[in-house]
Visitor: 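I have a structure here, written as structure tokens, and I will follow up with some questions on it.
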Amino acid sequence: MDLSSINPILLLASLMVAATPLLLAAVGELVVEKAGVLNLGVEGMMITGAICGFAIAVNTGNPLLGVLAAAAGGAVLSLLFALLTQVALANQVASGLGLTLFGLGLSALIGQGYQGIRPPSFPRLNIPGLSDMPVLGRILFSHDLMVYLGLIIVTAVWFMLKYTRAGLILRAVGENHEAAHALGYKVVRIRMMAILFGGACAGMGGAYISLIRVPQWTEGMTAGIGWIALALVVFASWKPWRVLLGAYLFGGVTVIQLNLQAAGVAIPVEYLAMSPYLITILVLVIMSADKSSAPASLGRIFHASR
Amino acid sequence: MLKLEKRPQPSKAWVWLAPVVAVIATMIAGGALFALLGKDPLVAIRTIFWDPLFSEFAFFYRPQLLVKGAPLVLIAIGLSLGFRAGIWNIGAEGQYIVGALCGAGVGLAFYPMEGWFIFPLMVMAGALGGWAWAMIPAVLKVKFGTNEILVSLMLVYVAEQLLASMALGLMKNPEGFGFPGSRNLQQYPSAHNAELIAGSGMHWGVVAAMVAVIFAYVLMTRHILGFHIRLTGEAPRAARFAGVNPGRLVLICLGLAGALAGLAGMFEVSGPAGRVSIDFNVGYGFTAIIVAFLGRLHPLGILMAGLLMALTYIGGEIAQSRLGLPAAAIQMFQGMLLFFLLAVDVMTNYRLRLTWREVA
């Protein structure tokens, strides 16, 4: 075992990369849950985004188009969930599970011809001056655009929820849909939009894994990151800044675990690979004491009877 | 414009009509999907639903119906108890793996001794293993209020890593020339879950599934516990007033589901699969969720849904080899079935009305 082979600067830099898919998916799901909808299909939307983005990026040679396609793919899949839960008034837990199962099958089907191909590489940001700074430059300022896009989305969501009228309405719908309906807000329409936003974010998160982080396509490659993103929203007590904190924490666990594997620690690889999931459970246990911050209408079906 | 109006009582007719409509809708949508993939939709649908039962080679496929249906029914019965009470155990796949590991572990520990008591011990170990794995989310839920959906699912990934570690390490066949995977239990008579009637596909897991169906039916319709489960699902507040202890219900529902999933895994590893290998689990734990819903969370419905789902597995394999239909297509087909069911289910609780004025 040789721990000195782990470079702390590279470790922190790869932490930001590892956290980005989680961050994107979790912040999307946060908006969905703030609107009072529990979408358990994050994993399915992520994997669908991963293959849509991969396929378009490979066929057009343009990774940015791939990311757009991933967002579209995730949003289209989430539209299925929106129709089921908002129009057909189906159970949200069951529909979300169905979405994940369906998304895993759909992505495997689309992805058949794409195994073993390398996608076009993503442009890295290179700001003269900032990117060349000794330590911070490598950690903060020499990533691909998606890392910063994730941060921008988190900031925008935080601002929108806290300071804008749209954010207030979204929260009202999530807290008490009957009252919001009585005030004349279109509950179903607002929730539909939130679900689509969540789908697009999850899709981009998936594309980040297949286009940048791995970068390759294999079946079921998201390996539970969508579920960890769901746990992250609980961890964050439905607050955008804490989603950021949580994503970096989980990204850190993943990166350290991978680095320990590479450094040849005496613990078998399988037990190291378990650690992100076990830590997720541990965090859930700690955080679940406080349920007060959950949106009050979360997971409840809304039917306008009057 | 069309408007939904809540029915005072769920429609009895639609409860059972919905799965039938969903299956037909899935066949149509699936046919369209197969047509998109460049296959003749009618041939594909016939290959999946008709050939395993009635073609000239059906004698070969029919036993598979029981082999594939038994674990699905066993797991789905357990899941349905919790789903009825609003307790969402979606980590049956993990409980299935751990049950198989415990069962196989006991069997392998006795190798090469022969004895009548080995198989019953393995059955108990399998059930206990699945039970213990399900107790983790259950206890965390009762003690700390942790979300059982996320915890049980996280434990699937943990169980998969455990399986890999066992297949590569502790349970690896010492005479296996270094290949991963355990000894083949099919060649160890005391631990082999053999066919009870040769060529029928009938093994102890099928018997257990039948017993589970009857047990669940009696529990849900005749026993006070079944009443408490239904009451908690339909009116949690009323259940609280009636003196139902929600924590106890969580422990019982998750525990039973885990034990049944563990049994399913144990019967699979000692029978059809034969050994602990990295790719031992094939997603029965997740498909069983579809089975439970398709069977309307009712034991008899689950029995039929389990057989139907087993049929799509077998038909899917035939279509794969004969028509070159990708394996993923059938997985998507199963997901589609759940979607259509959930969509059609709106008719159970609501009816359509024509209105003139839009309601905000």
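Here is the naming used below: chain letters follow the sequence lines, and residue numbers restart at 1 for every chain.
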Visitor: For the interface with chain B, which of A:Ala273, A:Ser275, A:Gly105 has the highest count of heavy-atom pairs at distances below 4.5 Å?
Guide: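 Among A:Ala273, A:Ser275, A:Gly105, the one with the most close pairs to chain B is A:Gly105.
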Visitor: Tell me, side chain or backbone of B:Leu337 under 4.5 Å from chain A's heavy atoms, or both, or neither?
Guide: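 No part of it gets close to chain A.
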Visitor: Rounded to the nearest 0.5 Å, what separation is found between the CG atom of B:Leu150 and the CD1 atom of A:Ile228?
Guide: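 So the gap between those two atoms works out to 10.0 Å.
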Visitor: Out of curiosity, B:Phe293 CZ to A:Leu97 CG, how far, rounded to the nearest 0.5 Å?
Guide: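 Answer for the CZ-CG pair, B:Phe293 versus A:Leu97, is 7.0 Å.
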Visitor: The criterion is salt bridge (charged side-chain N to carboxylate O under 4.0 Å, His left out); which residues satisfy it with B:Arg230, sequence neighbours excluded?
Guide: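 Once residues adjacent in sequence are excluded, B:Arg230 has no partner under the salt bridge (charged side-chain N to carboxylate O under 4.0 Å, His left out) criterion.
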Visitor: In terms of heavy-atom proximity below 4.5 Å to chain A, should B:Ile136 be classed as side chain, backbone, both, or neither?
Guide: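 Contact with chain A involves no heavy atom of B:Ile136 at all.
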Visitor: Please list, one pair per line, the donor and acceptor atoms closer than 3.5 Å that link side chains of residues 77-85 of chain A to other protein atoms, with sequence neighbours excluded.
Guide:
{"from": "A:Ser78", "atom 1": "OG", "to": "A:Ala75", "atom 2": "O", "distance (Å)": "2.7"}
{"from": "A:Ser78", "atom 1": "OG", "to": "A:Ile195", "atom 2": "O", "distance (Å)": "3.4"}
{"from": "A:Thr85", "atom 1": "OG1", "to": "A:Phe81", "atom 2": "O", "distance (Å)": "2.9"}

Visitor: For A:Leu101 and B:Phe286, run side-chain contact (heavy atoms from CB on, under 4.5 Å): C-alpha distance rounded to whole Å, both residues' side-chain angles, the deciding distance at 0.1 Å, then the answer.
Guide: CA-CA 8 Å; A:Leu101 295 174; B:Phe286 292 116; 3.7 Å; yes
Visitor: Which residues in residues 32-55 of chain A have a heavy atom less than 4.5 Å from any heavy atom of chain B?
Guide: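 The residues closer than 4.5 Å to chain B, in numerical order, are A:Leu40, A:Glu43.
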Visitor: Side chain to side chain donor-acceptor pair (under 3.5 Å) with A:Asn91: which residues, sequence neighbours excluded?
Guide: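 Applying side chain to side chain donor-acceptor pair (under 3.5 Å) to A:Asn91 gives none.
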Visitor: Check A:Ala90 against B:Leu342 and note the closest heavy-atom contact, atom names and distance.
Guide: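 Shortest heavy-atom contact: CB-O, 3.9 Å.
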Visitor: Considering only heavy atoms and a distance below 4.5 Å, find which of A:Leu89, A:Val93, A:Leu106, A:Ile281 pairs most often with chain B.
Guide: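 Going by pairs under 4.5 Å, I would pick A:Val93.
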Visitor: Checking A:Val234 against chain B: side chain, backbone, both or neither under 4.5 Å from a heavy atom?
Guide: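 A:Val234 touches chain B through side-chain heavy atoms alone.
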Visitor: Can you tell me how far apart CG (A:Leu282) and CE (B:Met154) are? Round to the nearest 0.5 Å.
Guide: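 The CG atom of A:Leu282 sits 13.0 Å away from the CE atom of B:Met154.
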Visitor: At a 4.5 Å cut-off on heavy atoms, which part of B:Phe83 comes close to chain A: side chain, backbone, both, or neither?
Guide: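 For B:Phe83, no heavy atom lies under 4.5 Å from chain A.
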Visitor: B:Ile330 versus chain A, heavy atoms under 4.5 Å apart: side chain, backbone, both or neither?
Guide: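 Neither; nothing under 4.5 Å.
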Visitor: Say you draw a straight line from CZ of A:Phe102 to CE of B:Met332; how long is it, rounded to the nearest 0.5 Å?
Guide: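 Here the rounded value is 4.0 Å.
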Visitor: On a heavy-atom basis, which atom in A:Tyr271 and which in B:Ser165 lie closest, and how many Å separate them?
Guide: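 So the two residues come closest at OH-OG, 3.1 Å.
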Visitor: Could you check which of A:Gly224, A:Ala231, A:Pro276, A:Ala108 has the highest count of heavy-atom pairs closer than 4.5 Å to chain B?
Guide: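 Most heavy-atom pairs under 4.5 Å with chain B: A:Gly224.
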Visitor: Below 4.5 Å from any heavy atom of chain A, which atoms of B:Ile290 appear? Answer side chain, backbone, both or neither.
Guide: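 Contact with chain A involves the side chain of B:Ile290 alone.
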Visitor: I'd like to know whether A:Tyr277 forms a side-chain contact (heavy atoms from CB on, under 4.5 Å) with B:Val151, so could you lay out the CA-CA distance, the side-chain angles of the two residues, the decisive distance to 0.1 Å, and finally the verdict.
Guide: CA-CA 9 Å; A:Tyr277 307 112; B:Val151 175; over 6 Å; no
Visitor: For A:Ala88 and B:Ala343, which heavy atoms make the closest approach, and how far apart are they?
Guide: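 Reported closest heavy-atom pair: CB-O, 4.0 Å.
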Visitor: Any chance you could measure B:Leu162, atom CG, to A:Glu270, atom CD, to the nearest 0.5 Å?
Guide: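 One finds 9.0 Å between CG of B:Leu162 and CD of A:Glu270.
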Visitor: Could you tell me which portion of A:Thr280 (side chain, backbone, both or neither) has an atom closer than 4.5 angstrom to a non-hydrogen atom of chain B?
Guide: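 The side chain, not the backbone.
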Visitor: Working to the nearest 0.5 angstrom, can you tell me the gap between A:Leu230 CG and B:Leu153 CG?
Guide: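 Atom-to-atom, A:Leu230:CG and B:Leu153:CG are 9.5 Å apart.
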Visitor: Under a 4.5 Å heavy-atom cutoff, which of B:Val156, B:Ile289, B:Ile90 has the most pairs with chain A?
Guide: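 Option with the top pair count is B:Ile90.
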